[in-house]
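A short write-up of the structure that comes next.
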Number of protein chains: 2
Amino acid sequence: MPSEMTIGRVAKAAGCKVQTVRYYEQIGLVPAPPRSEGNQRLYGQAAVDRLLFIRHARELGFSLPAIRDLIGLSDNPDRPCDAVDAIAKAQLAEVDLRLQRLQALRGELERMIAQCRGGRIAECRVIEVLGDHSLCAAESHDPASPSL
Amino acid sequence: MPSEMTIGRVAKAAGCKVQTVRYYEQIGLVPAPPRSEGNQRLYGQAAVDRLLFIRHARELGFSLPAIRDLIGLSDNPDRPCDAVDAIAKAQLAEVDLRLQRLQALRGELERMIAQCRGGRIAECRVIEVLGDHSLCAAESHDPASPSL
DNA sequence: TCTAAGAGCTACAGTCGCTGTAGCATCAAG
DNA sequence: CTTGATGCTACAGCGACTGTAGCTCTTAGA
């Protein structure tokens, strides 16, 4: 017996909200399960596994379309896994990009905060720095030396 | 003379889209400018400055409500800048959190990709790792069955 | 067996920060 | 004077959910 569960239990088992499960069903990311006599969804372990897969991939930053691709690929296990590799590598590249930008931002924020000396706002460097775009390294995504 | 500009010019000068400028006006982040005889918005340099301020803060990851706060504070320059400091520090803390999580994700992605040996999907570690939450550093859950 | 709380159902609105579209009016250049 | 770019308003849509309203269903206790 696949130990049937209500939506609340699968959601809990997968670590997401009931609405999210229904949403994933709505957009076709998980199949619509059979219903009980009282019209309630009944899930088996496979549903939990798929939800865990989705959640894990989401935590890794994969978009829902990318996850849909991954699911489609994993449902055809005889093809070569180049496509899977490509999706994962694209994801890694995006993560690297986000990391770079975040690190640059972190540097700027620290610089800003270091210059806030607790005086009046009129002298506050945070406001000033935010207003002066020329001091900012963000525009010319140059990881080398923001100067200041 | 504040050298009046149409919305297209300010948008270009501030590096954002025309719609974005109108959106910021709509939500009260920039003041509604005077209009020309033909009902077109006419902006001065101050508008460009404020937009640059907003854009810069957005690039640093500040939310629009936080930016609204910063603008409100900078419009009252006689108060102490503790509040500004607090907002910037909260932002830094959030950035640090995102950095941590992203770095963890990066590690997992690299591990996944390293294990994709170009075989068939059936043997692909990427899919497997995504399905097996127990290999994941993010959160500890039941080491349930992998394999989607 | 009854009852009341809790969980499930559908359908839809709201979130955030924009972006795109439709269908007009206006403006600047040739 | 015409044409094409730009401006206007109003609204819909994006992604990935989350929340709400107003029901129905299930389940545990009295």
Side-chain angles (χ1 to χ4, degrees), chain A residues 4-30 32-44 47-48 50-71 87 90-91 94 98 101 105 138, chain B residues 4-30 32-43 47 50-71 90-91 94 98 101 105:
Chain A
E4 288 178 341
M5 287 171 277
T6 61
I7 195 169
R9 290 196 197 287
V10 267
K12 199 169 189 180
C16 59
K17 303 215 167 190
V18 167
Q19 290 107 308
T20 307
V21 179
R22 287 198 281 246
Y23 170 71
Y24 286 162
E25 176 184 329
Q26 188 188 314
I27 64 169
L29 213 53
V30 301
R35 302 287 184 115
S36 74
E37 228 173 280
N39 197 35
Q40 300 197 347
R41 291 168 177 84
L42 292 179
Y43 297 91
V48 177
R50 173 154 291 192
L51 283 172
L52 282 173
F53 179 94
I54 293 169
R55 188 165 83 86
H56 197 176
R58 287 291 301 132
E59 279 170 1
L60 287 167
F62 290 88
S63 68
L64 291 188
I67 294 171
R68 200 193 300 273
D69 287 349
L70 287 172
I71 288 175
I87 292 174
Q91 189 56 33
E94 262 184 39
R98 279 198 271 162
R101 305 195 73 223
L105 300 188
Chain B
E4 287 177 343
M5 288 171 279
T6 62
I7 195 170
R9 290 196 197 287
V10 267
K12 200 169 189 182
C16 59
K17 303 216 167 190
V18 166
Q19 291 107 306
T20 307
V21 179
R22 286 199 281 246
Y23 170 71
Y24 286 163
E25 176 184 328
Q26 188 188 314
I27 63 169
L29 213 53
V30 302
R35 302 288 184 112
S36 76
E37 230 174 278
N39 198 35
Q40 300 197 347
R41 292 167 177 85
L42 292 179
Y43 297 91
R50 172 155 291 192
L51 283 172
L52 282 172
F53 179 94
I54 294 169
R55 187 163 83 87
H56 196 176
R58 288 290 300 134
E59 278 170 2
L60 287 167
F62 290 87
S63 69
L64 291 188
I67 293 171
R68 199 193 301 273
D69 287 349
L70 287 172
I71 288 175
Q91 189 54 32
E94 262 184 40
R98 279 196 273 163
R101 305 196 71 221
L105 299 188

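Proteins come first, then strands; the chains are lettered A, B, ... in the order of their sequence lines, and each starts at number 1. Computed from a predicted model, the values in this text were never measured in an experiment.
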Using modelled atom types and a 3.5 Å cut-off, is there a donor and acceptor pairing between side-chain atoms of B:Arg68 and backbone atoms of B:Ile27? yes
Indicate the atoms forming the closest heavy-atom contact of A:Arg55 with A:Gly15, along with that distance. CD-O, 3.5 Å
Shortest non-hydrogen contact between A:Ala32 and A:Glu25, atoms and distance: CB-OE2, 3.5 Å
Can you check whether [X] has a side-chain N or O nearer than 4.0 Å to OP1 or OP2 of [N]?
X	N	answer
B:Arg55	C:dG17	no
A:Thr20	D:dT18	yes
A:Tyr24	D:dC17	yes
B:Arg41	D:dG7	no

Nearest heavy atom decides the nucleotide; on that basis, is B:Arg22 or A:Gly38 closer to the 5' end of DNA chain C? A:Gly38
If we only count heavy atoms from C-beta on, is the B:Leu64 to B:Arg58 side-chain gap below 4.5 Å? yes
The side chain of [X] is closest to which nucleotide in this list: [options]?
X	options	answer
B:Lys17	D:dA16, C:dC9, C:dT19	C:dT19
B:Tyr23	C:dG8, D:dT18, C:dC18	C:dC18
A:Arg35	D:dT26, D:dC17, C:dT10	C:dT10
A:Pro65	D:dA16, C:dC27, C:dC18	D:dA16
A:Gln19	D:dG19, D:dA16, C:dG17	D:dG19

Given atom [atom1] of [X] and atom [atom2] of [N], what is their separation to the nearest angstrom?
X	N	atom1	atom2	result
B:Gln40	D:dT6	CD	C1'	7 Å
A:Asn39	C:dA11	CG	C1'	14 Å
A:Arg9	C:dG8	CZ	P	8 Å
A:Arg68	D:dG15	CZ	P	10 Å

Select base, sugar-phosphate, or nothing to describe what A:Arg58 touches, counting heavy atoms under 4.0 Å on all strands. sugar-phosphate
